[in-house]
Amino acid sequence: MPSKHPLPSYLHADSLGPWGSYLQQIDRVAPYLGSLSRWIETLKRPKRILIVDVPIKMDDGTTGHFEGYRVQHNTARGPAKGGVRYHQDVTLSEVMALSAWMSIKNAAVNMPYGGAKGGIRIDPRKFSRNELERVTRRYTSEIAIIIGPNIDIPASDVNTDEQVMAWMMDTYSMNIGQAATGVVTGKPVSLGGSLGRREATGRGIFTVGCEAAQHIGLDIASARVVVQGFGNVGGIAAKLFVDAGAKVVAVQDHTDTIYKPSGINVYALLEHVSAQGGITGFSGAESLANDDFWGIESDILIPAALESQINEQNASRIRTKIVIEGANGPTTPNADDILRENNILVIPDVIANAGGVTVSYFEWVQDFSSFFWTEDEINQRLKHVMREAFASVWQVAREHTVSIRTAAYIIACKRILMACEMRGLYP
Ligand code: GLU
């Protein structure tokens, strides 16, 4: 039967891309929402989409034009919040999905935020530092009409770091004539950033990993871990697992796949990556064909790179006990089913990687109050939020006999849709 509320053409999930995955996830949760499900159409449409042209002067004197996006998916529970990524494959549909996952994530861990995401379709590795600064500043000016400390607060994401956040903060501040530290999070500590923010996502992954391991009787101290993506998320998570006694047996990034059954020296690899920009050329492990990565036996698999990495092509080859989603949307819905059939516990992105936005929230609160916390306080509070969130999803999953992902969506969607219901429809 045709829907009573046909979607605008750009919202159709006509491909198996991230937006299609998100819509499937929403359809899966709908039966568990009771009367609140009458508001569910709201979640299938982003509230606001801004597409901007980002023209900049290139170092060679030519003018480059780049495509930028900022999507605010939902703001029922508070200001929009979510990162900005720089990647050559960024598309509107991807940013839409990422913004929706931010709404779910923020609600799942009970941050007082809605969800947003932004991106620029560039390969930042091909840009000089000056070009990166210009593209960041022009993009920020173009989206300045919809961002602000109480409106929409961008943050770092794939290929955007503290320096990019500092440029965004400065550009916004120059335009309004005052220093607005709370407009972005993930800033340098010297500029109102928070201690512990850089490590927060990896730390959160480690915390939920320990909780999950305990529930299935896995000893972290003897666990074999494999990691895809060795940046701010995968690299830090790997280090924390190794510090707890685990072995990282394989790592894959955009440059290579490396394997060492007796355990890779993660500290040496982190140094190599910070000097070389990738894991390729690391002498402390053997290099494998990329596709072999998925068949490596492990206890914990952490996809911490991009979307749709675990899909129908490789899911049935995965031999692990727990998948902890460091990336956003790394598992397609069909692959999710395969993992579940194979008794693999999946800790979904919207819980697993929520440590980043949780400490972003702490940063924002510190900026507003101009009162800064110690790193220890931040880590303690982060651990508390992650453990509480994990305990809630675990309980809901058992109550309804559903996956942890569906449980997280039940909790999050109920919170968002309850806010929609209480606010009512304007006008
Ligand atoms: N980019 C991170 C994420 O995907 C952090 C977002 C934020 O701190 O606002 O969760």
> Near Arg198 CZ, under 6.0 Å, is it more than 12 heavy atoms from other residues, nucleotides or ligands?
Replying inline: no

Will you find, in the side chains of Thr374 and Glu377, an N or O donor that is under 3.5 Å from an N or O acceptor?
yes

Contacts of Ala335 meeting side chain to side chain contact (heavy atoms under 4.5 Å, CB included) (sequence neighbours excluded), chain-then-number -> Ile310, Ala315, Thr331, Thr332

For Phe293, the ring pair (Phe, Tyr, Trp, His ring centres under 6.0 Å) test, sequence neighbours excluded, returns none

_Salt bridge present between Lys117 and Asp157 (N-O < 4.0 angstrom)_ = yes

Check: Is any side-chain heavy atom of Lys44 less than 4.5 Å from a side-chain heavy atom of Leu23?
Finding: yes

*asked:* So Val396 and Ile404, do their side chains get closer than 4.5 Å, heavy atoms only?
replied: no

Subject >> Close side-chain approach of Asn311 to Trp294, heavy-atom, < 4.5 Å >> reply: no

key: Asn74 side chain reached by Ile416 side chain, heavy atoms, under 4.5 Å   = yes

Should Lys187 and Glu363 count as an ion pair when the cut-off is N to O under 4.0 Å?
-> yes

Sorted by chain and number, sequence neighbours left out, side chain to side chain contact (heavy atoms under 4.5 Å, CB included) with Asn159 holds for Tyr86, His87, Pro124, Arg125

Taken in chain and number order and not counting sequence neighbours, the residues that satisfy side-chain hydrogen bond (donor to acceptor under 3.5 Å, both in side chains) with Ser360 are Thr185, Arg197

Nearest heavy-atom approach of Arg137 to Trp167 is NH2-CD1, 3.6 Å

- Task: Verify side chain to side chain donor-acceptor pair (under 3.5 Å) between Thr257 and Gln252, making sure each step is shown before the conclusion.
- Result: CA-CA 4 Å; Thr257 300; Gln252 177 173 80; 2.8 Å; yes

Quiz item: Taking side chain as C-beta onward, heavy atoms only, is Met111 less than 4.5 Å from Lys81?
Solution: no

Requested in this report: Answer yes or no: is there a side-chain heavy-atom contact under 4.5 Å between Tyr139 and Arg70?
Outcome: yes

(message) Checking side-chain polar atoms at under 3.5 Å, does Tyr69 have a donor or acceptor matched by the opposite partner on Glu67?
(response) yes

Those residues at least two apart in sequence (or on a different chain) that pass side-chain hydrogen bond (donor to acceptor under 3.5 Å, both in side chains) with Lys321 are Asp299

Inset, instruction - Taking atom types as modelled, find out whether Glu421 and Trp39 have a side-chain donor-acceptor pair closer than 3.5 angstrom. - result: yes

Closest non-hydrogen contact found for Ile300 with Ile302 is CG2-CG1, 3.9 Å

Exercise for review: Hey, can you tell me if His73 and Trp19 have their rings parallel, tilted or perpendicular (30° and 60° cut-offs)?
Suggested key: perpendicular

message: More than 12 heavy atoms of other residues, nucleotides or ligands under 6.0 Å from CE of Met174: yes or no?
response: no

When you check the gap from the basic side-chain N to the acidic O, do Arg405 and Asp336 get nearer than 4.0 Å? yes

task = Please tell me if the side chains of Gln72 and Ile146 come closer than 4.5 Å, counting only heavy atoms from C-beta onward.
result = yes

- Task: Determine whether Tyr113 and Ile153 make a side-chain contact, defined as any pair of heavy atoms from C-beta on separated by less than 4.5 Å.
- Result: yes

Between Asn353 and Thr201, a side-chain donor and acceptor under 3.5 Å | no

Donor-acceptor pairs under 3.5 Å, side chain of residues 380-392 to any protein atom, not counting sequence neighbours: which ones?
from	atom 1	to	atom 2	distance (Å)
Arg387	NE	Glu211	OE2	3.2
Ser392	OG	Glu388	O	2.9

- Query: Do Arg340 and Asp337 meet the salt-bridge criterion of a basic N to acidic O distance under 4.0 Å?
  - Reply: no

Heavy-atom nearest pair, Val29 first then Cys413, reads CG1-SG, 4.0 Å

Exercise. Answer yes if the ring centres of Phe372 and Phe362 are under 6.0 angstrom apart, and no otherwise.
Key: no

For Ser298 and Thr320, the nearest pair of non-hydrogen atoms, with its separation, is OG-OG1, 2.8 Å

From the list Val54, Val135, Ile56, side-chain contact (heavy atoms from CB on, under 4.5 Å) partner of Ile122 resolves to Val135

Counting neighbours of CD on Glu399 that are heavy atoms of other residues, nucleotides or ligands and sit closer than 6.0 Å, is the number greater than 12?
yes

Kindly determine whether Glu94 and Arg85 satisfy salt bridge (Lys or Arg N to Asp or Glu O under 4.0 Å), including the steps that lead there.
-> CA-CA 11 Å; Glu94 180 193 24; Arg85 72 171 50 177; 3.1 Å; yes

Salt bridge flag under 4.0 Å for residues Asp59 and Arg129:
no

Closest non-hydrogen contact found for Pro18 with Glu307 is CG-OE1, 4.0 Å

Quick one: do the Asn130 and Ser128 side chains pair a donor with an acceptor below 3.5 Å? no

Minimal heavy-atom distance between Thr63 and Met58, with the atoms involved, is C-CG, 4.4 Å

